[in-house]
Undergrad: 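Okay, handing you the structure first.
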There are 2 protein chains.
Amino acid sequence: MTETTMTIREMCEAFEVTPRTLRFYESKELLAPIRQGQKRLFTKRDRARLKLILRGKRFGFSLEEIRQLLDLYYVGDQQHTQLKRTVEIARERLSDMERQRDELTTAIEELKEQLNWGEKMVAASQGEQKAAE
Amino acid sequence: MTETTMTIREMCEAFEVTPRTLRFYESKELLAPIRQGQKRLFTKRDRARLKLILRGKRFGFSLEEIRQLLDLYYVGDQQHTQLKRTVEIARERLSDMERQRDELTTAIEELKEQLNWGEKMVAASQGEQKAAE
DNA sequence: ACAGCAGTTGACGTGCACGTAAGCTCGACG
DNA sequence: CGTCGAGCTTACGTGCACGTCAACTGCTGT
């Protein structure tokens, strides 16, 4: 059940993606499932990465940007220079994300105000179909 | 200077977009600049909408979704039923955005931790090029 | 032995969000 | 009067993120 590896089908159901998507991500070097003969076997590492990939996508990052980010999450064998560069990239992404969150917060506030206004209008036009003009 | 309308060129510089983009948005009914003969004149309303469009894009909304949202921001002559529906859509978008913000907050925290770790690694590998293995 | 099914590799198709190039129009200016 | 630049339309091209289809391979059960 809670085996260490999963087939492509199991991954698809667990994460609600298609096989095509997983193969595509592998071709872009976002995932690196091990091979048993010809078949792919997805490890715990792949599952963690996929989770991050899907989250990154929801934030509007491109797959290429996500690949950069994943490098940070899974260093471990990088050289100093490479690691330093990765840290820099991550710092930039981090401020991107913080800016994005701040904007989002503002937008939420604005939308809430609009909603209040809209709801008042709906309430006001209850029963009077021809309030316009 | 602070005239009520702007040319396409002025819009482009003000918002850092291309003419093509503005025409494209018009073709998708996101903007509706008035025409003076053949030329487009962008009003204050268009500028407000464009600002919202660009923000929406940064949040990962599609242009079609943004169009839905803009309907809410610029109602004014909607019927009751239509307005009610629009309010519903907006409520859904709002919870989308709040979920997105919460996720983003979590991701920011995680990335910060990773960064701290990464920076420690960088510091630790100062001067010793061959620390690996 | 053979059907059936999960999985695989190309290769081409698709929708979105524009970019880019061609050719037209129109008012301003020397 | 020509032409110059700003803007216009039409139409095809592009990059990304997959979808779709065809043709294979390799177990699995009967």
Side-chain angles (χ1 to χ4, degrees), chain A residues 1 3-43 46-47 49-71 89 93 96 100, chain B residues 1 3-43 46-47 49-70 93 96 100:
Chain A
M1 301 292 174
E3 307 229 328
T4 62
T5 64
M6 290 170 68
T7 73
I8 198 166
R9 209 38 82 174
E10 291 167 338
M11 282 290 277
C12 292
E13 283 166 24
F15 291 93
E16 298 193 309
V17 295
T18 67
R20 171 69 179 133
T21 300
L22 295 180
R23 295 189 197 108
F24 184 72
Y25 289 168
E26 185 183 358
S27 77
K28 296 284 165 159
E29 294 180 35
L30 292 170
L31 297 177
I34 55 179
R35 294 303 180 102
Q36 177 184 285
Q38 163 145 278
K39 310 201 169 177
R40 290 166 177 84
L41 286 181
F42 295 84
T43 66
D46 293 310
R47 293 195 286 278
R49 289 176 71 96
L50 182 53
K51 196 175 162 189
L52 291 170
I53 292 168
L54 297 177
R55 180 153 68 194
K57 276 177 58 66
R58 282 197 300 281
F59 299 152
F61 291 118
S62 74
L63 293 187
E64 177 53 28
E65 289 172 319
I66 291 169
R67 205 181 53 73
Q68 307 276 323
L69 266 177
L70 284 174
D71 286 347
I89 293 173
R93 288 279 162 271
D96 277 2
Q100 203 172 140
Chain B
M1 302 294 172
E3 307 229 327
T4 62
T5 63
M6 290 170 68
T7 72
I8 198 169
R9 212 35 85 174
E10 291 167 339
M11 283 291 277
C12 291
E13 284 166 25
F15 291 93
E16 299 194 307
V17 295
T18 66
R20 171 68 178 132
T21 300
L22 295 179
R23 296 191 196 105
F24 183 72
Y25 289 168
E26 184 183 358
S27 77
K28 296 284 165 160
E29 295 180 34
L30 292 170
L31 297 177
I34 55 179
R35 294 301 180 103
Q36 177 184 287
Q38 163 144 279
K39 308 199 169 177
R40 290 167 176 86
L41 286 181
F42 295 84
T43 67
D46 292 311
R47 293 194 286 279
R49 288 175 73 95
L50 182 53
K51 195 175 162 187
L52 291 170
I53 293 168
L54 297 178
R55 181 154 65 195
K57 275 178 59 65
R58 282 196 299 280
F59 300 151
F61 292 117
S62 74
L63 292 187
E64 177 54 28
E65 288 172 321
I66 290 170
R67 206 181 55 72
Q68 308 274 326
L69 266 177
L70 285 174
R93 287 278 164 273
D96 276 1
Q100 202 172 138

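Sequence lines set the chain letters: A, B, ... in the order given, protein chains first and strands last, and positions in each chain run from 1.
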Undergrad: Measure the distance from CG on L50(A) to C1' on dC18(D) and round it to the nearest whole Å.
TA: 14 Å

Undergrad: Could you tell me the separation between the CD1 atom of I53(B) and the P atom of dC18(C), rounded to a whole number of Å?
TA: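 In whole Å, dC18(C) P lies 10 Å from I53(B) CD1.
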
Undergrad: Testing R40(B), R9(B), M11(B) for side chain to side chain contact (heavy atoms under 4.5 Å, CB included) with L22(B), which one passes?
TA: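 Result for side chain to side chain contact (heavy atoms under 4.5 Å, CB included) with L22(B): M11(B).
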
Undergrad: Separation of I8(B) atom CD1 from dC18(C) atom C1', in whole Å?
TA: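 My rounded result for the distance is 14 Å.
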
Undergrad: Please state whether the phosphate of dA6(C), meaning OP1 or OP2, lies under 4.0 angstrom from any side-chain nitrogen or oxygen of T7(A).
TA: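 For T7(A), the contact criterion (side-chain N or O under 4.0 Å from OP1 or OP2 of dA6(C)) is not met.
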
Undergrad: Can you confirm whether more than 12 heavy atoms, excluding those of E64(B), are under 6.0 Å from its CD atom?
TA: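 Above 12, so yes.
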
Undergrad: Stepwise, does the side chain to side chain contact (heavy atoms under 4.5 Å, CB included) test hold for L63(B) with L30(B)?
TA: CA-CA 8 Å; L63(B) 292 187; L30(B) 292 170; 3.9 Å; yes

Undergrad: Taking only nitrogen or oxygen atoms into account, show me every contact under 3.5 Å that the protein makes with nucleotides 15-17 of chain C, one pair per line with its distance.
TA:
{"unit_1": "dA17(C)", "atom_1": "OP1", "unit_2": "L63(B)", "atom_2": "N", "d": "3.0"}

Undergrad: Using atom NZ of K39(B) as one end and atom P of dG27(C) as the other, report the distance to the nearest whole Å.
TA: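 To the nearest whole Å, that distance equals 8 Å.
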
Undergrad: Under 3.5 Å between N/O atoms: give me all the protein pairs with nucleotides 9-14 of chain C, atom names plus distance.
TA:
{"unit_1": "dT9(C)", "atom_1": "OP1", "unit_2": "R35(A)", "atom_2": "NH1", "d": "3.3"}
{"unit_1": "dT9(C)", "atom_1": "OP1", "unit_2": "R35(A)", "atom_2": "NH2", "d": "3.2"}
{"unit_1": "dT9(C)", "atom_1": "OP1", "unit_2": "R40(A)", "atom_2": "NH2", "d": "3.4"}
{"unit_1": "dT9(C)", "atom_1": "OP2", "unit_2": "R40(A)", "atom_2": "NH1", "d": "2.9"}
{"unit_1": "dT9(C)", "atom_1": "OP2", "unit_2": "R40(A)", "atom_2": "NH2", "d": "2.4"}

Undergrad: So, does R47(B) use its side chain to make a donor-acceptor pair with the main chain of F42(B) at under 3.5 Å?
TA: yes

Undergrad: Taking only N and O in the side chain of T21(A), is any of them less than 4.0 Å away from OP1 or OP2 of dG19(D)?
TA: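 Yes, within the criterion.
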
Undergrad: Nearest whole angstrom, please: distance from the C1' of dC18(D) to the CG of L30(A).
TA: 13 Å

Undergrad: Starting at atom CZ of F42(A), determine the distance to atom P of dA6(C), rounded to an integer number of angstrom.
TA: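 It is 16 Å, rounded to the nearest whole Å.
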
